[in-house]
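Report on the structure given below.
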4 protein chains.
Amino acid sequence: MYFNIDPRKNTPLYEQIIHQVKEMCAKGILLPNEKLPSVRELSSQMVINPNTVSKAYQELERQGVIVTIRGRGTFISEEFHQTYDPRLVEKLKQSLKQMIIDSHYAGISKEELTEWIEKVYEEMGGNSDEN
Amino acid sequence: MYFNIDPRKNTPLYEQIIHQVKEMCAKGILLPNEKLPSVRELSSQMVINPNTVSKAYQELERQGVIVTIRGRGTFISEEFHQTYDPRLVEKLKQSLKQMIIDSHYAGISKEELTEWIEKVYEEMGGNSDEN
Amino acid sequence: MYFNIDPRKNTPLYEQIIHQVKEMCAKGILLPNEKLPSVRELSSQMVINPNTVSKAYQELERQGVIVTIRGRGTFISEEFHQTYDPRLVEKLKQSLKQMIIDSHYAGISKEELTEWIEKVYEEMGGNSDEN
Amino acid sequence: MYFNIDPRKNTPLYEQIIHQVKEMCAKGILLPNEKLPSVRELSSQMVINPNTVSKAYQELERQGVIVTIRGRGTFISEEFHQTYDPRLVEKLKQSLKQMIIDSHYAGISKEELTEWIEKVYEEMGGNSDEN
DNA sequence: GTGGTCTAGACCACC
DNA sequence: GTGGTCTAGACCACA
């Protein structure tokens, strides 16, 4: 359970936590039913405020990535939970388009980009289906 | 020159303008040396604060997408200006990774994603290489 | 005596137990004077803390649903015990209203809702009037 | 815009705000595109902390009830947004069942309950479809 | 012990 | 002016 949070980034701390948890789940580093560090534990480990961790955990629960059990802690969800929100899909589509254009301006070719994507999917391994 | 700005989105208005200008350039809708509307024109047309447009133009100029000629107006840069900032590349890589993971959670398959990408590059036409 | 407790729900465990006992009484699964499992039995069967079961039993006794006889155990009350607390009625009215509104937002029509209600009363059978 | 918040209730303040906004929308007291009081305004009017109001507004936005426009404020959504979350539906079903059983214990007959429901839907008027 | 809520007060980006 | 984020510190219910 190593988290890598950078307060200098413009992405909010709680979002960075969300991203990392989802990434670790997708990669199989965090397994279903595995216990996450408690809010207080993680917050002191990261040297950030407990509320910030709490906010991240609540959002992760809302997305179905984790479940919290009263008085016991938070755990990775048993089954992988996909959400079919059309608003979200549209948003993803938009940001993908934007990212491609930005990459174009940054001098990244289509081939390079495809290669990157391939690598991310490789890292996620078979977890894309079974998790 | 049609701008499609939505103030309800979480992306700031000035960024949306930047994105659209870059997109139109990439797609060949805006051509090198073409004149852009003035800050006042555009802001009244979009019913937004002139400062917002101004901020977008300033950032676009900083990125080398447009140039302002005092007393004449603002124009699309003559040559396509690519920036090889390694920090930017890393940032793009990160957000691409995150987007793939989010897409995974949104139930979007690798095939769908690849299809989307293909479509964006098609829209950009030959401009992706030569421009 | 099958209890269906889910620690992942936001409703506290002890409330879930209360609900289930009351439900089983209303449906006629638990009959007047029937013996309930002891606190220790039930807690080990459910793999939860004995205090939690104890709290549930205490509340059920306070509501007149069950009675504890020292040295003999706990039993379903002989007669159905209704409480005419006006504050409780008001509270129920409020939460009913809220539930209807939430259902409305969840895309549940009035017809569907009425159907659900009908089904619950059916499950409760004749017990709804006479018990 | 009158809010009626009771800190003595066990329902959290931010939930009470959420409920009231949704209720006012359903009843047609708040109309699409109408502006809500700003976070600071409402918090000082209710004599509660701005963060609490902010939390309520964020949840309402997540549910699609309101939209926030950067630097301008928050507004009732243009179109009524229904969410088809199966988890939510199941939750509503459960709490409906529980409410019926509790009503039964509180001495409320099926007829009374049905009457209550009828009254709520009347208050919502035609807004159930068009809003 | 766990997470959830609330307050007070600060800082920031955006418009 | 607007909302969004973060911190510090408090209290509470639940297990």
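So that the names make sense, note that chain A is the first sequence line, chain B the second, and so on, each numbered from 1. What's counted below: heavy atoms across the whole structure, side chains too, no hydrogens, waters or symmetry copies.
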(message) Does C:Leu13 reach a base, just sugar-phosphate, or nothing at all? Heavy atoms under 4.0 Å.
(response) sugar-phosphate
(request) Apply the test salt bridge (Lys or Arg N to Asp or Glu O under 4.0 Å) to residues B:Glu59 and B:Arg62: give CA-CA distance (whole Å), side-chain angles for both, the deciding distance (0.1 Å), then the verdict. (result) CA-CA 5 Å; B:Glu59 176 61 17; B:Arg62 204 193 59 73; 3.1 Å; yes
(message) Under 3.5 Å for both donor-acceptor distances, Watson-Crick or wobble: does E:dC14 have a partner, and if so which one?
(response) F:dG1
(message) Just N and O in the side chain of C:Lys55: are any of them under 4.0 Å from OP1 or OP2 of F:dC14?
(response) yes
(request) Let me know the distance between CZ of D:Arg8 and P of E:dT5, rounded to the nearest Å. (result) 20 Å
(message) I want to check one thing: is the phosphate of F:dG4, taken as OP1 and OP2, less than 4.0 Å away from some side-chain N or O of D:Gln58?
(response) yes
(message) Please pick, from E:dC15, E:dT5, F:dG4, the nucleotide with the shortest atom-to-atom distance to any side-chain atom of D:Glu61.
(response) F:dG4
(message) Go nucleotide by nucleotide along DNA chain E from the 5' end; which of D:Gly71 and A:Arg72 gets its closest nucleotide reached first?
(response) A:Arg72
(message) Which is more 5' along DNA chain E, the nucleotide nearest D:Pro50 or the one nearest B:Ile48? Just name the residue.
(response) D:Pro50
(message) Rounded to whole Å, please give me the gap between CD1 in A:Ile66 and C1' in E:dG3.
(response) 11 Å
(message) In whole Å, I'd like the distance from the CD atom of B:Glu15 to the P atom of E:dA13.
(response) 13 Å
(message) Counting distance alone, no hydrogens or angles: does the base of F:dG1 have a donor or acceptor under 3.5 Å from a partner atom on the side chain of D:Arg40?
(response) no
(message) From the set F:dG3, E:dC15, E:dG3, return the single nucleotide nearest to any side-chain atom of B:Thr52.
(response) E:dC15
(message) Nearest to the A:Asn49 side chain among F:dT2, F:dT7, E:dC14, which nucleotide is it?
(response) F:dT7
(message) I want to check one thing: is the phosphate of E:dG4, taken as OP1 and OP2, less than 4.0 Å away from some side-chain N or O of A:Ser54?
(response) yes
(request) Report the distance from atom CG of A:Asp6 to atom C1' of F:dC6, rounded to the nearest whole Å. (result) 15 Å
(message) Any side-chain to backbone donor/acceptor pair from C:Gln20 onto C:Asn4? Under 3.5 Å, distance only.
(response) yes
(request) Nearest-nucleotide wise, let me know which of A:Pro12 and C:Tyr14 is further upstream toward the 5' end of DNA chain F. (result) A:Pro12
(request) Spell out, as yes or no, whether a donor-acceptor pair under 3.5 Å connects the side chain of D:Glu23 to the backbone of C:Gln98. (result) no
(message) Just N and O in the side chain of A:Ser38: are any of them under 4.0 Å from OP1 or OP2 of E:dT2?
(response) yes
(request) Would you mind reading off the distance between A:Arg70 atom CZ and E:dG3 atom P, rounded to a whole angstrom? (result) 12 Å
(request) Classify the side-chain pair B:Gln63/B:Lys22 by whether it contains a donor and acceptor separated by less than 3.5 Å. (result) yes
(request) Classify the ring geometry between D:Phe80 and C:Tyr105 as parallel (under 30°), tilted (30 to 60°) or perpendicular (over 60°). (result) tilted
(request) Would you kindly give the CG-to-C1' distance between D:Asn10 and F:dC14, to the nearest whole Å? (result) 14 Å
(message) The test is side chain to side chain contact (heavy atoms under 4.5 Å, CB included); show your working for B:Ile48 and B:Ile17 and say whether it passes.
(response) CA-CA 11 Å; B:Ile48 59 177; B:Ile17 298 173; 3.9 Å; yes
(request) Find the distance D:Lys35:NZ to E:dC15:C1' and express it as a whole number of Å. (result) 13 Å
(request) Rounded off to whole Å, could you give me the CZ-to-P distance for the D:Phe75 and F:dT2 pair? (result) 11 Å
(message) Within the 4.0 Å heavy-atom criterion, would you say A:Asn51 contacts the bases, only the backbone, or no part of the nucleic acid?
(response) base
